[in-house]
Amino acid sequence: MGLKKRSRRGVQDEKKERELKRKTSSFQDEYNSSKYVDEEILKDQNEKEELEQHLRERDSAKTRRFAERKKVSRNSNAAKDNEDVETLRKVSRQEYLKKREEKKLQELRDYIEDEHYLFEGAKLSEVEYCDLRHKKETYNILSKKELLKSVHNEYRIPEAFDDRNGVINQEKRFSVAMQRYTDPNTEKEEPWEEHQIRKATLKFGSKNKRRESDDYQFVFEDHIDFIKAFVMDGDKSDFEEEIALEKSRVKRSVLEALQEERKKLPIYSFRDELLQAVHDHPVLVIVGETGSGKTTQIPQYLHEAGYTKHGRMIACTQPRRVAAISVASRVSQEMGVKLGHEVGYSIRFEDCTSKKTILKYMTDGMLLREFLVQPQLESYSVVMVDEAHERTLSTDILFGLVKDLAPARPDLKVLISSATLDAEKFSNYFDLAPIFKIPGRRYPVEIHFTKAPEANYLDAAIVTTLQIHATQPPGDILVFLTGQEEIETVEEILKHRMRGFGTKIADLIICPIYANLPTELQAKIFEPTPEGARKVVLATNIAETSLTIDGIKYVIDPGFCKMKCYNPRTGMESLLVSPISKAAAKQRAGRSGRTSYGKCFRLYTAYSFLNDLEDNTAPEIQRTNLGNVVLTLSCLGIENEKLFQFEFMDPPPVEAITKAVELLYAQNALNVGGKLTKVGRRMAEFPLDPMLSKMIVASEKYKCSDEVISIAAMLSVGNSIFYRPKDKQVHADNARMNFHTGNGGDHIAHLNVYNSWKESNYSTRWCYENYIQVRSMKRARDIRNQLAGLLERVEIELTSNSNDLDAIKKSIISGFFPHSARMQKNGSYRMVKNLQTVYVHPSSGLTKVLPRLVLYNELVLTTKEYMRQVTEIKPEWLLEIAPHFYNPKHFEELSSKKTQWM
DNA sequence: GAGCACTGC
């Protein structure tokens with residue numbers, strides 16, 4: 001009965017709808033031809049509204065009925081009271097579901113048996129292995145528990161750009177990201193605030209789902225046992241006070257409130273003591289954890305105490321650009337001045353200071369460059385090196401220089417600020433400078449270790465994530481992984497497994513984050529987590545220091561990271577997965593205690609924490625190419641034996657310094673006496689590796705400085721120019737090969753990329769079409785502009801000679817001549833000078849050409865020794881440009897071809 | 001036929 005009734009009504013509705021459509025369309029037609037009088041329009045409109053009202057009512061009735069039916073089907077006891085049809089429908093559905101469930105179970109059983117059989121001898125990949133495990137778990141759960149609820153209504157996160165089989169639809173994904181760029185007029189960066197506001201107000205389509213953990217207990221086949229080891233200290237009460245203050249703050253004027261807030265910082269009570277200590281000692285080591293307010297307050301205190309009189313500035317260095325900007329803007333607010341006036345910042349490409357500036361926040365590398373201009377730092381009365389524990393290359397050199405400077409500038413005050421641990425070491429280095437301690441403000445963090453060592457940390461990380469998700473109270477999870485590849489694998493497996501759990505478990509929003517991820521996709525991690533769901537952030541080391549994510553309550557630390565190592569003997573760089581240090585582990589754990597009480601799960605045992613991990617990570621200066629460092633120091637008059645006596649806090653290997661000196665000597669940057677030559681002085685102006693600087697300086701002779709600085713800019717942005725998504729590798733490779741026309745080599749290809757981009761009017765769209773990363777290109781443009789400015793400074797004319805590729809290559813050779821290799825019989829290469837076997841990197845455009853003699857940009861050790869960025873050259877050129885380095889004997893075999901290398 | 005952690009000038 002009911003069915004029939006409904007269907008008749010449906011027909012009626014359809015009729016009315018058609019009528020309405022006809023009416024409205026004819027109405028529009030007539031209206032357009034403007035023949036209708038107002039009255040009739042009104043009549044038509046009334047009719048239209050009436051009809052619409054009717055349709056609305058019908059729809060809402062429908063929804064109501066639908067909802068009722070749903071409610072009924074949920075509650076099986078109420079089924080009897082319903083219409084026969086409904087009961088029938090429900091029963092049949094139950095039967096259907098039951099059957100489907102049985103079938104699924106049978107399938108799983110078969111699958112597991114098959115897999116088990118296959119297991120012997122067959123090696124499964126990471127994904128396959130996890131997949132199998134997941135299937136087993138699902139089987140366990142399904143076979144033990146009642147089946148009905150788990151199957152239907154498989155929940156999917158709206159706007160997940162992947163289909164049900166787990167295949168990521170990259171195109172769809174990026175079409176969203178690219179929407180911003182489709183209109184060339186909106187290509188400019190949107191203001192940061194606007195972006196932030198949008199991010200903050202963005203609503204998720206996800207449901208506020210109720211957790212059904214009461215109904216089920218998940219049976220994980222693999223469960224990792226953790227031991228709660230200890231609780232890392234924190235101080236919570238201060239935070240509550242601050243929140244109370246924050247609330248009362250609203251009514252008062254902003255400035256007043258800011259001043260009030262300043263007084264609430266832990267450092268405030270130490271103000272006078274601190275100023276006294278600064279007054280008494282030339283060097284002071286300050287220990288204060290994040291949140292103590294040292295970065296923002298100390299410079300202000302010093303200013304208030306009169307250290308900025310006589311027009312001298314207070315410098316405060318930060319290891320990162322964003323930190324310098326944000327701290328400067330905060331302090332300018334607190335002081336009630338405009339950013340760039342009394343308080344300013346100075347970073348590469350951007351100098352936001354003026355003559356009025358007295359507090360200058362800057363990146364540490366920037367202060368290092370200032371040393372070149374004013375070796376005595378005359379315009380500063382105080383230098384504060386912040387975040388010194390991070391031990392970047394620049395801070396380490398700054399330490400040496402500042403210590404060196406102390407006798408000449410007794411009035412200069414030096415503050416070294418660091419977060420715990422190293423304080424003693426800093427103090428010892430600066431001739432037992434006093435240590436000033438400021439208590440920090442952080443929530444306590446519970447540290448858990450595994451009971452037994454985990455064989456596969458990736459797998460353990462996944463299991464732990466799900467374990468936390470299923471058993472722990474709400475709060476986001478942060479997982480530290482080593483690189484892009486791992487992140488992608490884990491993301492895939494997690495998604496797969498979550499899909500298996502269906503609706504029985506709260507949503508898990510997976511956010512990958514690494515530096516090379518396009519900016520649009522990076523923004524995802526800052527979106528607030530919808531209620532009822534949980535966010536898991538899969539991050540590289542970027543989350544250790546560079547960015548802070550709110551709401552993180554759980555940290556999973558597998559204990560590994562990728563580290564760059566440099567071998568000065570071979571000049572080879574390699575990126576190795578290695579265990580982290582205790583200091584880094586502590587830093588990682590601390591990321592969970594920023595907004596509330598946190599927990600850190602370490603996927604290694606307490607024993608190996610104590611016995612296997614180093615205390616501190618080896619500072620960068622000990623594992624990097626020192627070419628630029630030696631050039632800078634030489635420019636400051638630290639040359640020859642002084643270079644080897646220079647007081648580094650942790651001296652780099654002697655070999656590394658020797659190698660750098662040798663190179664500079666070969667490049668005619670140093671003379672026989674070890675003094676800087678005119679060439680060397682010009683080279684030091686460029687913030688680049690000496691080889692690139694030399695290439696630019698040499699371009700003057702070949703009249704192609706325009707092209708060469710483009711190449712230098714492209715090479716110094718590194719290897720993130722070409723974008724190569726997993727599912728479009730062929731297209732990306734084809735696009736890349738377009739720049740290799742004529743096979744001038746990879747250097748020329750880079751030039752082609754830059755010039756084409758320039759011709760496209762720096763279009764973002766062009767980048768997407770050619771699989772090129774916009775961010776890298778913009779960076780290259782910035783660097784190029786800076787280099788062009790510096791050319792003027794060293795009085796090199798900007799000349800273009802784009803048709804003469806040989807001239808460009810010769811300029812490159814002038815800088816890179818030690819990097820030559822010639823082909824051997826079997827397609828491998830051998831370096832001309834030190835006879836090491838190397839290979840052309842597969843990303844090069846010359847992999848199929850294999851010229852007899854090549855020049856490379858850098859050597860990397862991955863699976864083999866690879867040359868990256870390769871260009872064909874001629875032996876005559878090497879003999880012409882570097883006669884002191886090569887002699888004809890080196891190339892005899894090339895011309896006679898008789899001798900063969902095996 | 002291979003992989004690219006993170007900064008900074």
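Both backbone and side-chain heavy atoms feed into the values below; hydrogens, waters and symmetry mates do not. Naming convention: chains lettered A, B, ... in sequence-line order (proteins, then strands); numbering from 1 in each chain.
- Look at Thr540(A) and you'll find a side-chain N or O under 4.0 angstrom from OP1 or OP2 of dC6(B).
- Listed by chain and number, the residues in a side-chain hydrogen bond (donor to acceptor under 3.5 Å, both in side chains) with Arg321(A) amount to none (sequence neighbours excluded).
- With dC9(B), dA5(B), dT7(B) as the candidates, the nucleotide lying closest to the side chain of Arg321(A) is dC9(B).
- Thr863(A) comes within 4.0 angstrom of the backbone, heavy atoms only, and of no base.
- More than 12 heavy atoms of other residues, nucleotides or ligands shown are found within 6.0 angstrom of CD on Glu378(A).
- For the side-chain hydrogen bond (donor to acceptor under 3.5 Å, both in side chains) test, residues two or more places apart in sequence or in another chain that qualify with Asp364(A) are Thr392(A).
- In this structure, Tyr566(A) atom OH and dT7(B) atom P are separated by 23 Å, rounded to whole Å.
- Summarising the geometry, the separation between CG on Leu636(A) and C1' on dC9(B) is reported as 14 Å, rounded to the nearest angstrom.
- Residues forming a side-chain hydrogen bond (donor to acceptor under 3.5 Å, both in side chains) with Arg681(A) (at least two apart in sequence, or on another chain): none.
- Residues satisfying the side-chain hydrogen bond (donor to acceptor under 3.5 Å, both in side chains) criterion with His750(A), sequence neighbours excluded, are absent altogether.
- Residues passing the salt bridge (Lys or Arg N to Asp or Glu O under 4.0 Å) test with Lys564(A) are Glu573(A), sequence neighbours excluded.
- Applying a 4.0 Å cut-off to non-hydrogen atoms, the residues of residues 364-374 of chain A that approach DNA chain B are Gly365(A), Met366(A), Arg369(A), listed by residue number.
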